[in-house]
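Everything quoted here is computed from the prediction, not taken from an experiment. Start at 1 and go down the list; that is how both ligands and their atoms are numbered. For reference, positions follow the sequence shown, starting with 1.
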Amino acid sequence: MSYIEEVRASVNARDAGQPEFLQAVDEVLSTIRPVVESDDAYRRNAVLERITEPDRQIIFRVPWMDDKGVMRVNRGFRVQFNNAIGPYKGGLRLHPSVNLSIIKFLGFEQIFKNSLTGLPIGGGKGGSDFDPKGKSDNEIRSFCQSFMTELARHIGADTDVPAGDIGVGAREIGFMYGQYKRLKNVYEGVLTGKGLTYGGSLARTEATGYGLVYIVENMLEAAGDSVNGKTIAISGSGNVAIYAAQKATSLGAKVVTMSDSSGWIYDPKGIDLDVVRDIKEVKRGRIKEYADRVKSAEYHVTDPDKNTPKVWSVKCDIALPCATQNELDENDAKLLIKNKVTAVGEGANMPSTTAAIEAFQKAGVLFMPAKAANAGGVAVSALEMSQNSQRLAWTFNEVDERLKGIMKGIFDKTAEAAAKYAKPGDYVSGANIAGFLKVAAAMIAQGV
Ligand code: NDP
Ligand code: 2IT
């Protein structure tokens, strides 16, 4: 059995019951083969056994009190996966579906994504099965303070620096930062995505969505094309989706769909983002309200049990999945291909199933995987850490220009690794290989 097959079998046996984690590991192991098999040092240094096993996994009880005075209990997680190239870095997700498999897949992908940025950040992820939907500000604060009461002992500006992800934005980061400061009595950049009045970076809010569109533009440019004039289908209507839509629109594209877990909107005239931002960022409402307010739009309910059509059934040139893992399956990919999609960029983490990616690649669709495509968010988080260490704040333009440069750097590294080790345009292999090479070299240099 080859080294890769041995490690794959052992992870599959040990972590059976963690399907998302195994899916993420399988994808990386199957694409880094040309590198791993070219040098026995990887086996001698047990690089694959070590990179698939987190440094530590912290699971804790989060008790909090709701508005009726009832004590509630959730489960909290922080997986510190790999710190070979920098402090653990990665977001916190608050969603009822959160479990160890999901946090481990996200933490594992974060290792390679963070490496691709070229910045000194290791991989980690955390969160809780707490459901923020329908909770009052008071309940959110109560939960966040309790969550941080335990998390604080495990993190620090040079140890592990969490940030936002699904269900965690500026409000939650603010409550958590306040609690960390009370517990530790230090004012340090221990979280990113902070508010602008207390150490946050300009352009962090926009960074993931903007970065996604920048790298899709790089990918189209390399194929002699551009975003300008294209029709785009986007899923999700959260942080990543909104700012991807904003940047794509400013570059001359027309975004015609957005969604949430209840349903999706189709606006053939192009989505009015002021309306979406008012619904989502101000009122914390549902995307359905868009169709109540904008006459040109249709609303379609999503029924997960009935396999109802998704945003991917709409004719588009570019698809940007920006909601959650495995939201775009093989049937969706086939529908997009039938409708002549030319490019896909993954704003969410692991949004396309393995079969969907295979279908896109077989059909010659340009495909930029999440580890490269959504790295702009964590990259600007690392710039926020730099500004905090310097005790300085850069302008929006300065951060945005650096973000553009970082995304171009990621595109170039990904394209070069694809051409050298796999085949030109295979950005899935390219991103995994380029991310892996740096982390593996650092692990070997530092010894077991
Ligand atoms: P938000 O919480 O701001 O928005 C999430 C969006 O996705 C909402 O519209 C939400 O709908 C929808 N969604 C979430 N879960 C599901 C689900 N199970 N089924 C259908 N729709 C769902 O999160 P972000 O925009 O920050 O994150 C979106 C994706 O991007 C995630 O995969 C995240 O890991 C990834 N990402 C985020 C980064 C960041 O900087 N924020 C950086 C890199 C990647 P609803 O409100 O109904 O739940
Ligand atoms: O998936 C991701 O890269 C994020 N949620 C952002 C992590 C970060 O530390 O900014």
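- Looking only at heavy atoms of the protein, atom 9 (O) of ligand 2 is closest to Lys89 NZ, 2.7 Å.
- Annotation: atom 18 (N) of ligand 1 to nearest protein heavy atom, Thr324 CG2, 3.7 Å.
- Scanning the protein for heavy atoms near atom 40 (O) of ligand 1, the closest one is Thr208 OG1, 2.8 Å.
- For atom 4 (O) of ligand 1, the closest non-hydrogen atom on the protein side is Gly238 CA, 3.3 Å.
- Not a single heavy atom of Glu327 lies less than 4.0 angstrom from ligand 1.
- Within ligand 1, the atoms closer than 4.0 Å to a non-hydrogen atom of Gly236 are 9 (O), numbered from 1 in the order shown.
- Here the heavy atom of the protein found nearest to atom 4 (C) of ligand 2 is Lys125 NZ, 3.7 Å.
- Heavy-atom separations between Arg204 and ligand 2 include at least one value shorter than 4.0 Å.
- When distances from atom 10 (C) of ligand 1 to the protein are checked, no heavy atom turns up under 4.0 Å.
- Of the candidates Ala323, Gly211, Pro132, Ala323 brings a heavy atom nearest to atom 13 (N) of ligand 1.
- Under the 4.0 angstrom criterion for non-hydrogen atoms, Glu109 is not in contact with ligand 2.
- For Leu106, no heavy-atom contact with ligand 2 is shorter than 4.0 Å.
- For atom 47 (O) of ligand 1, the nearest protein heavy atom (residue, atom name, distance) is Ser261 OG, 2.4 Å.
- At least one heavy atom of Gly164 sits less than 4.0 Å from an atom of ligand 2.
- Of the protein's non-hydrogen atoms, Gly167 N, 2.9 Å is the one closest to atom 2 (O) of ligand 1.
- Shown in contact with Cys322 at under 4.0 Å from a heavy atom are these atoms of ligand 1, numbered in order with element: 28 (C), 29 (C).
- Ranking protein heavy atoms by distance to atom 10 (O) of ligand 2, first place goes to Ser381 OG, 2.5 Å.
- In this structure, Lys184 contributes its side chain and Ala152 its backbone to a donor-acceptor pair below 3.5 Å.
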